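This report concerns only the one structure given below.
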Amino acid sequence: MRRIEEIAPGYGIDALALHVRRADPLGAEPFAETLEDRAPDLAPLIDTLANRIGISALWRSVAVESDVPERSVATAPPLDPPARAAPKIKPDDVRQLDRSRPLHPWDPRWPRPVRLLRRPELLDHVLAELPDQPPKRFTWRGMAHRVVRADGPERILGEWWKRGTERHSVRDYFQVEDEAGQRFWLFRRGDGERGETGDLAWFMHGAFG
């Protein structure tokens with residue numbers, strides 16, 4: 001193989017045989033190097049897309065620290081620099097006592113749809129058992145769906161420290177799959193036991209791909 005570049009093929013080679021005199025097993029090896037040391041320059045791509053569809057149609061999603069799903073994401077210009085790291089805590093700050101690892105605003109343990117609806121949409125003809133069962137069927141945008149699989153509830157409380165009207169608000173979220181294989185993320189307003197937490201109406205908040 002070391003002298004393959006010295007072969008003069010002439011009119012061509014019809015067949016080539018490789019004789020292996022010695023072979024050793026090749027196991028997996030860690031590969032930590034990167035082919036590109038610096039981040040790719042996206043500016044030319046952004047300029048091309050902006051000339052075609054307009055800069056107002058280009059944006060990226062950024063995480064926001066909020067328990068309420070529609071407030072946990074915001075849009076930013078596509079080339080904005082990442083957020084600055086939080087300043088270092090002083091040695092005498094009481095927050096030094098918290099040794100737990102900070103959680104990302106989008107925790108993978110609680111999956112969310114890639115895109116949420118602009119506003120949660122009210123569901124009709126919902127059949128569900130109280131207090132904490134997923135719906136067995138519902139109607140959304142005029143189409144009936146029968147639920148065959150479900151996971152939940154995931155309870156999300158209102159941010160009472162931001163808005164006084166959310167002091168008692170409760171949402172119970174469910175991931176559901178209908179008989180056609182479509183997967184939705186919907187919630188019931190209220191805990192199913194106390195009337196002050198919500199009116200038990202059901203809403204569609206997003207769909208999984």
Side-chain angles (χ1 to χ4, degrees), residues 5 28-89 101-124 135 138-145 147 149-152 154 156-159 161-163 165-166 169 171-189 201-209:
E5 68 277 1
E29 297 181 3
F31 183 76
E33 298 181 0
T34 58
L35 299 177
E36 186 69 34
D37 294 334
R38 57 186 178 85
D41 184 12
L42 298 179
L45 173 62
I46 297 300
D47 289 341
T48 301
L49 294 175
N51 290 333
R52 295 186 178 183
I53 63 176
I55 191 62
S56 60
L58 298 176
W59 50 269
R60 62 185 178 89
S61 297
V62 293
V64 178
E65 188 173 356
S66 176
D67 293 333
V68 181
E70 58 265 32
R71 300 178 198 154
S72 65
V73 61
T75 59
L79 293 179
D80 265 13
R84 296 181 179 179
K88 293 184 178 180
I89 301 176
R101 181 174 58 87
L103 295 176
H104 192 277
W106 297 337
D107 197 301
R109 295 176 299 175
W110 306 314
R112 302 284 188 266
V114 177
R115 294 287 299 275
L116 297 177
L117 297 176
R118 186 178 296 273
R119 295 183 182 86
E121 298 182 6
L122 182 66
L123 300 178
D124 299 318
F138 61 90
T139 301
W140 178 48
R141 295 181 177 178
M143 183 174 295
H145 301 267
V147 176
R149 295 180 184 84
D151 187 20
E154 175 193 347
I156 295 179
L157 305 177
E159 295 175 329
W161 59 95
K162 293 181 180 179
R163 304 184 182 187
T165 56
E166 297 182 5
S169 63
R171 292 180 184 177
D172 280 347
Y173 277 85
F174 294 86
Q175 300 175 54
V176 303
E177 180 180 336
D178 68 3
E179 53 191 351
Q182 300 180 90
R183 298 175 61 234
F184 304 104
W185 200 50
L186 44 82
F187 70 88
R188 183 192 62 225
R189 188 164 57 190
W202 287 86
F203 293 84
M204 177 69 67
H205 207 161
F208 295 91

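Keep in mind the model is a prediction, meaning the values are calculated, not measured.
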| said: Would you say that P78 contacts L42 through its side chain, given a criterion of any heavy-atom pair below 4.5 Å between the two side chains? | reply: no
| request: State the CG-OG distance between L116 and S72, to the nearest 0.5 angstrom. | output: 7.0 Å
| query | Can you check whether P77's main-chain N or O pairs, donor with acceptor, with R60's side chain at less than 3.5 Å? | reply | yes
| said: As an exercise, state the distance from CG of D178 to CZ of R183, rounded to the nearest 0.5 Å. | reply: 11.0 Å
| said: Looking at every non-hydrogen atom in both residues, tell me the closest pair between P69 and I156 and how far apart they are. | reply: CG-CD1, 3.8 Å
| task | Take E70 and R171 through the test salt bridge (Lys or Arg N to Asp or Glu O under 4.0 Å) and record every step on the way to the result. | result | CA-CA 13 Å; E70 58 265 32; R171 292 180 184 177; 2.9 Å; yes
| field | Contact summary for A150 and V176, nearest pair of heavy atoms | value | CB-CG1, 3.9 Å
| Listed by chain and number, what are the salt bridge (Lys or Arg N to Asp or Glu O under 4.0 Å) partners of E159, not counting sequence neighbours? | R71, K162
| query | Which pair of non-hydrogen atoms, one from A207 and one from P113, has the smallest distance, and what is that distance? | reply | O-CB, 3.5 Å
| said: Between H145 and Q182, does the side chain to side chain contact (heavy atoms under 4.5 Å, CB included) criterion hold? Intermediate values first, please. | reply: CA-CA 9 Å; H145 301 267; Q182 300 180 90; 3.7 Å; yes
| Hey, mind stepping through L58 and I46 against side chain to side chain contact (heavy atoms under 4.5 Å, CB included) and telling me if it holds? | CA-CA 8 Å; L58 298 176; I46 297 300; 4.1 Å; yes
| message | Applying the side-chain contact (heavy atoms from CB on, under 4.5 Å) criterion to F203, which one of L186, L122, L123, L117 satisfies it? | response | L122
| request: Test side chain to side chain contact (heavy atoms under 4.5 Å, CB included) on W202 and F174 and set out the steps. | output: CA-CA 11 Å; W202 287 86; F174 294 86; 3.7 Å; yes
| field | Residues in ring pair (Phe, Tyr, Trp, His ring centres under 6.0 Å) contact with Y173, at least two apart in sequence or another chain | value | W185, F187, H205
| query | For R141, what residues pass the salt bridge (Lys or Arg N to Asp or Glu O under 4.0 Å) criterion, not counting sequence neighbours? | reply | E121
| Beyond-backbone contact of F208 with R112, side-chain heavy atoms, under 4.5 angstrom | no
| How many angstroms lie between atom CD of E177 and atom CZ of F184, to the nearest 0.5 angstrom? | 9.5 Å
| So, D80 side chain and A76 main chain: donor-acceptor pair closer than 3.5 Å or not? | no
| field | Value rounded to 0.5 Å, distance of CD in Q175 from CG in D151 | value | 5.5 Å
